[in-house]
Structure formats: structure tokens, C-alpha cells
Participant: 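This is the structure I want to talk about, given as C-alpha cells.
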Amino acid sequence: MRILFAASEVHPLAKTGGLGDVAGALPKALSDLGHEVAVVLPLYPRVRRRLRDPVVTAERVPCRFARENRPFRLLATRFEDRPGVPIHLIENPWVFEAEEAFYGSEPGSYGDGHLRFLYFSRAVCELPAALGWSPDIVHLHDWQTALVAPLIRTVHRHEDAWKDAACVLTIHNLAYQGVFPPGDLHHAGLPSFLLAEGRLLEKGLGNLLAGGIRFSDAITTVSRSYAEEILTPENGCGLDGLLRWRRELLTGIVNGLDTEVWDPSRDPHLPAHYEASDLSGKAVCRERLLQAAGLLPTGGPIFGVVSRLVGQKGLELVVPVMADLLAREPAVRFVILGSGDPGLERDFAGLSARFPGRAAARLAFDAPFSSLVEAGSDFFLMPSLFEPCGLNQLISMRYGTPPIVRRTGGLRDTVTDATAEMIAAGRATGFVFDAYSRSALAEAVARALRVFADPSALQRIREAGMRTDWSWARAAGEYERVYAEARVRATGRLHLREVLSGLPPEPLEVALPELEAIPPGYARDALVAIPFDPETLYCQWEVGGEISGPLLAALAPGEAAGMRFLLRLADSGSGELLELELPGPAHHCFARVRPGRSYEVSLLLAIPGRPSLLLHRHPAVEVPPDVRPEWQ
Ligand code: ADP
């Protein structure tokens, strides 16, 4: 299969969290299975600085945005360890380089995301034509690229490059949906027929993820438990109804781990290496962690955290539970690496000030230090309120650091609780608790302390975690099955019937309607104008590839220069004519129609000194009586 990954982050070029890890690893695993894979990413300033020898593959690729052509330059680089997998980079400095952060400067904010990612989604739609490469699957990730699905099913539906592509959308975190005022999306150039409830609007607001869920051929999320949880009102973040409606398309696939990157036997950020059969290197990492974090030497347990500091991660429970523990147990050490919420940053800075030499907080994003925390700690804390999959617990298990997790989402699916029975069976990999409460976390921490005092039990738990196969090869096989199903659905277009039932019939047809009155000798795919939306008579018109040659050849040079295309709306009752001059090929335009009237739509070619040629006539379109067109 030819698979195009469209993502806002791709490790190692751009990453703020798990999405970047997935988009950096899954393409490589799929390529190892024999698929032809390509990745596309915006060229952010941080990516530009990291690029080595990018190749320019196309200059000034046309891209419609905010009703204008805003071309981009296309560059390409490759994964260093998989030179067969290209990473295409969309370069438009005005869009992607206006600021340093990917998503806006405030934590969790989208900033100008409706502009950046709307532009990026538009650019992704232009990519196959620019590359001469049409994908069988376009794999979209979260709200930032979800919009590609509605766009290729409507605006780009006639293009050869997209005709046979199936859309697969992966939800990495349902809490982030790309919600913007409809006016912002309209100004950014989204066609108004998409800005309707049941398409891109969700309870009056533009919701890019909801649009992607409606128009994709398959939806995945990053663990089986999370796939069930998001169907409930408690965890559905307002989209549970929509997801229940699409549940047949929804599959949970637990993320893999890039085992080449996350490998304690060769991680370049570690002072010593180790594996399950010999953990002596882990003891060296432990000492280095204490030193690097400014903590006092100890024979007691070290509890570590690496996390974005956001509410989801349950860190509000960690602060008091660790404070109590540190107050009681002088041998305990605590270290956290993370940045984000200012309140949480203050709380952890406060904890380290209160327990100098025993608690440390590094409030930063620091990949080398994250390896050291994963390897040097004895237990890893991850008491998330919700967790779609979570990579950190997988990393910690692989690094022989049993995680202490809440039974939710991917944590539930990946960590086996250290009950006496499971420890004896050699299957326990961590400590799992249920209630989202301090006491439940404290109880799990107490169990971990008991295991710390029992070296053979601790060794068994460590080994079981280190030996589990979390490689991407397993997950890639599951994605292959989802892709195959999506292709069947895409070809049948069965699932889209319900979504699109409100649209007038023409845009649903894969084939263009027959053209009328094309003079003999002119190409049959010359022109078409389709009123998409009876409320606004929003039209799209396109020039077919063959018209210009024979037509222009038949015209005198002066005639060709004066040639104009006109969209004519004839009021069926009064006969009143509205004529719009169309500025160029493949344009969208709005006709200023009146409520309650019916209009015939025709497309004319006007050549000075000759009678106009009728290229296409569309049957009358009724404008509902109660509509208030958007320009009023
Ligand atoms: P999420 O995607 O919700 O942030 P995950 O556990 O799925 O959580 O993935 C987090 C990834 O980001 C891991 O690879 C983790 O090591 C990394 N990470 C998070 N915070 C930091 C940080 N402050 N410094 C370095 N790496 C971090």
C-alpha cells in the first residue's frame, strides 16, 4: 500500500508528546512490512534548524487559502535510519514560522492554529498532485490534520490523486479537538457548505476533529480501553454521541515503542548500559541521576516522573502524596522532569525547596535527562486522570523501572498489577490502582515500598517489564488490518451516505455530471459548475485538462486574451439575470441569491465579438424562503 502520514509532529524533527513519537515510529515499522510510506510535516523554525541537506522537490505549489492562492515550497528529507521513507516539509514562512511554538504560545492554546493547520491541511491535499504520487491511505493524526478528510471528500473529490484514497484518523487525545469560531474558519477560506452542523460544526462551533470523525473511513485511537472510554459521556469530551454513531469504524491499537530509540542497552544519554539479565548498569544510572538532580546519596527508593505538566496527568495527587512520604521517610528521593501548567510548576518547585537534596524538579523539556530519569529511578509515577495510551509507562517498563499507574486507558491495557500471584507467575510489571484519589495513590506507593524491600520480587517485576514486546512491529500489523478495512469502505463510500445525505446530490457523485452544449471538437470534460449549497448557491467550477489546447488554438490571439468565463444565475420566476465573472480555473464563488427564489445556473464562455458559448447548464436550484445568506 502507498501510505501518506500527515502529522503536526514527527520525531525526531518535531515533538511535544506522544503524537510525535507515533508519527516518527509507525511509518518506519510499516515500511519494514513492505509498504511505500511517506510523511508530511510543516516546516517549523525548529525543524528548519535541525534539517540536514533538505532537497527542494517543488517550488510554488499552488494552494488555496483564504480565497487566494498562497503557494508553498516543498522540501524533503529522510529518516536517518530509514532512508527509504521520505519526510516532506511544507514551507510557508508566513504561516509556520510566525512564531516558535507549534500550537500557540500558551500551554494548551491553539493560537493561530485555525490558520496554520487549516493551511497545512489544504497543503496536504495538494501534495499528491505536486509529487505525482497518489496514496491508497492518508493517515491523519488529531485535530491538526483531521480536516484533510472532509476536504478530500468534497473539494478535492474529483482529483485523480485522491479518488481512491481512504482516510484513517487516529485520535491521540480526544481532549484536544481544534475548536474555533465558525467565522474564523470561514475567513480562512473553508467553504461554507462544510461549515454546517453535522459537518464541521459541533454545537455551533467549528470542530476540526469532529469533521475528521465524520468523513474518515476508519478511526483509531491509541489503546483498546481508551476506545471504549471515549464512547461514554464521562470521557467522550462532548463527542461521545458522534463517536457512538461511528463506533463501527473505531478500533483501539496500543502504541508501540520505538525500541531502537528507547533501549537501555544502547541509549546514548545514559552513563552505563544494561539489560534484563544484568542490571549493574542501572545502578550506575541511579547514581548519575542523584548527582545530576542535585540529590543526596541514598540506599532508599527513587520515585521519578517525566511528564507534560497538565491536569490530565494526575500530578495534583503526586504533590501531597510525595510530600507526606518525604516527610516520613528520609531515605526516599523524588525527581520530576516536566514543564507546562504554571501552578503545577510552582507546586513542584515548592516541593523541592521544602525537601532540599531529597526532592528535585527540572522544569524543562530535556530529552537526555528524561532517559536518565527513566533509567535511574526505581519507580515511575503516572497516576493519570485519563491516558489515551501513554508512552512513559512503556519506556519505564523497558528501562526496568516499574510504573505506578491508575487503571485508565492505555495504562490499564499495558501494565500488569503486582499482585502476589502475578509476581509469582513472573507477569507483574507495575502497580495499578483504581480511584483517582490521594489515598489510592498512597496505597500503591506503599505497595511499591514493600516490593523495594524484597529484592527478588523487584527483580521479577523489572525483568517482566523489560522482556515484554512493545515494538511497533506488533502495532503496525494491526494498522495494516485497519487500512485494508478502510479501503473497502472508501471504495463503497457506504459509510459516507449518512454524513452527506443533507448535501444536494451532485457533489456525492464520483463522476462529474455530463456537460451540455459543448461545441463539437472541444473536450468533453471542459467545464462544470456545481451549486453545492442551495442556501447560498455556493459554487465550485473547474476547467478540465483538455479544453485549453483545442479551444485556444481555434481563437485568434486577441480573442483568447479577452476570453472570460461567466457564471449566470437566472431567476426562474422573474427571468432576472445575475452574472458573475469567474476569476480563473477551479474557483469557488458565492452567488448573491434571494431567499424563496429558484435559479438556473449556467456556465458560459464569453469571447469578444462572438456569441457566448453555453458550456454547462444546471437544473434549477431552490433557495429556501427562510435563509439569511451570509453576506446580509
Ligand atoms: P503525552 O503524549 O500525553 O505527553 P506520553 O506518555 O504518551 O504522554 O508521551 C510523552 C512523551 O514525551 C514521552 O516520550 C516523554 O518522554 C516525552 N516527554 C514529556 N515531557 C518531557 C520533558 N519535559 N522532557 C523530555 N521528554 C518529555
Side-chain angles (χ1 to χ4, degrees), residues 1-6 36 38 40 57-58 60-65 67-72 74 88 90 118-140 145-169 189-191 193-194 199 211-212 215-217 486-487 489-493 496 499-500 503 505-515 523-532 538-549 565 582-589 603 616:
M1 275 185 256
R2 289 186 302 271
I3 305 161
L4 176 63
F5 269 73
E36 193 181 328
V40 55
T57 38
R60 298 194 64 77
V61 179
C63 183
R64 295 286 309 156
F65 189 70
R67 297 177 218 294
E68 282 175 24
N69 180 23
R70 308 264 180 98
F72 59 87
L74 196 57
H88 300 290
I90 306 281
L118 206 143
Y119 182 85
F120 182 54
S121 299
R122 285 253 155 169
V124 169
C125 293
E126 303 300 335
L127 194 75
L131 293 171
W133 186 80
S134 43
D136 301 309
I137 297 288
V138 55
H139 192 157
L140 311 171
T145 50
L147 181 62
V148 172
L151 287 176
I152 68 174
R153 288 288 174 255
T154 57
V155 177
H156 296 272
R157 73 198 180 290
H158 297 318
E159 289 167 18
D160 281 346
W162 287 118
K163 260 201 329 250
D164 298 320
C167 291
V168 176
L169 170 68
L190 267 191
F193 67 85
L194 280 177
R199 291 174 205 161
F215 284 84
S216 289
D217 303 293
R487 291 186 71 186
R489 291 195 199 105
T491 335
R493 304 255 186 268
L496 284 175
V499 186
L500 298 174
L503 290 171
E506 290 77 12
L508 302 189
E509 302 296 332
V510 175
L512 292 176
E514 276 299 305
L515 298 177
R524 54 158 280 286
D525 63 340
L527 291 157
V528 64
I530 302 169
F532 267 35
Y538 176 93
C539 289
Q540 180 182 338
W541 74 286
E542 302 167 356
V543 181
E546 292 166 55
I547 182 164
S548 19
F565 292 99
L582 295 166
H587 265 269
H588 298 146
C589 63
L603 190 62
H616 176 63

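In this chain, residues are counted from 1 in sequence order. Both backbone and side-chain heavy atoms feed into the values below; hydrogens, waters and symmetry mates do not.
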Participant: With sequence neighbours excluded, what pairs up with Ala129 under the side-chain contact (heavy atoms from CB on, under 4.5 Å) test?
Facilitator: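 Ala129 satisfies side-chain contact (heavy atoms from CB on, under 4.5 Å) with no other residue.
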Participant: Apply ring-ring contact (aromatic ring centres under 6.0 Å, His included) to Phe72 and list each qualifying residue two or more places apart in sequence or on a separate chain.
Facilitator: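 Phe72: no ring-ring contact (aromatic ring centres under 6.0 Å, His included) contacts found.
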Participant: For Thr145, give me all partners under side-chain contact (heavy atoms from CB on, under 4.5 Å), at least two apart in sequence or on another chain.
Facilitator: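 Partners of Thr145 under the side-chain contact (heavy atoms from CB on, under 4.5 Å) test: Ala6, Phe120, Leu140, His141.
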Participant: Taking the side chain as C-beta and beyond, is there a heavy-atom pair between Cys167 and Ile152 under 4.5 Å?
Facilitator: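 Cys167 reaches Ile152 side chain to side chain.
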Participant: Pick one: which of Val138, Val148, Leu4 meets side-chain contact (heavy atoms from CB on, under 4.5 Å) with Leu127?
Facilitator: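 Exactly one candidate clears the test, Leu4.
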Participant: Could you give the distance from CZ (Phe5) to CD1 (Ile137), rounded to the nearest 0.5 Å?
Facilitator: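 Reported to 0.5 Å precision, the distance equals 10.0 Å.
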Participant: Do Cys125 and Val155 come close enough that some side-chain heavy atom pair is under 4.5 Å?
Facilitator: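 Cys125 does not reach Val155 side chain to side chain.
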Participant: For the atom pair OG (Ser134) and CG (Asp160), what is the distance rounded to the nearest 0.5 Å?
Facilitator: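 Answer for the OG-CG pair, Ser134 versus Asp160, is 8.0 Å.
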Participant: Might you point out which heavy atoms bring Pro128 and Trp162 nearest each other, and give the distance in Å?
Facilitator: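 For Pro128 versus Trp162, the nearest heavy atoms are CG-CZ2, 3.4 Å.
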Participant: Using every non-hydrogen atom in the two residues, find where Pro135 and Ala165 come nearest and quote the distance to one decimal.
Facilitator: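 Looks like O-CB, 3.4 Å.
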Participant: Nearest 0.5 angstrom please: Leu151 CG to Glu126 CD, how far?
Facilitator: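 One gets 9.5 Å once the value is rounded to the nearest 0.5 Å.
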Participant: Rounded to the nearest 0.5 Å, how far apart are CZ of Arg487 and CG of Asp217?
Facilitator: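 Atom-to-atom, Arg487:CZ and Asp217:CG are 11.0 Å apart.
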Participant: So, using salt bridge (charged side-chain N to carboxylate O under 4.0 Å, His left out) as the criterion, who are the partners of Arg2 when residues are at least two apart?
Facilitator: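 Residues passing salt bridge (charged side-chain N to carboxylate O under 4.0 Å, His left out) with Arg2: Asp136.
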Participant: Contact between Leu194 and Arg153 at the side-chain level, heavy atoms closer than 4.5 Å - yes or no?
Facilitator: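 When only atoms from C-beta onward are counted, Arg153 and Leu194 do not touch, as no gap falls below 4.5 Å.
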Participant: Kindly write out the residues that satisfy side-chain contact (heavy atoms from CB on, under 4.5 Å) with Pro62, not counting sequence neighbours, or none if the list is empty.
Facilitator: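 Checked Pro62 against side-chain contact (heavy atoms from CB on, under 4.5 Å); matches are Asn69.
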Participant: How far does CG of Leu118 sit from CG of Leu190, to the nearest 0.5 angstrom?
Facilitator: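 Answer rounded to 0.5 Å: 4.5 Å.
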Participant: Applying side-chain hydrogen bond (donor to acceptor under 3.5 Å, both in side chains), name anything that partners Glu159, two or more places apart in sequence or on another chain.
Facilitator: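 Expected list: His156.
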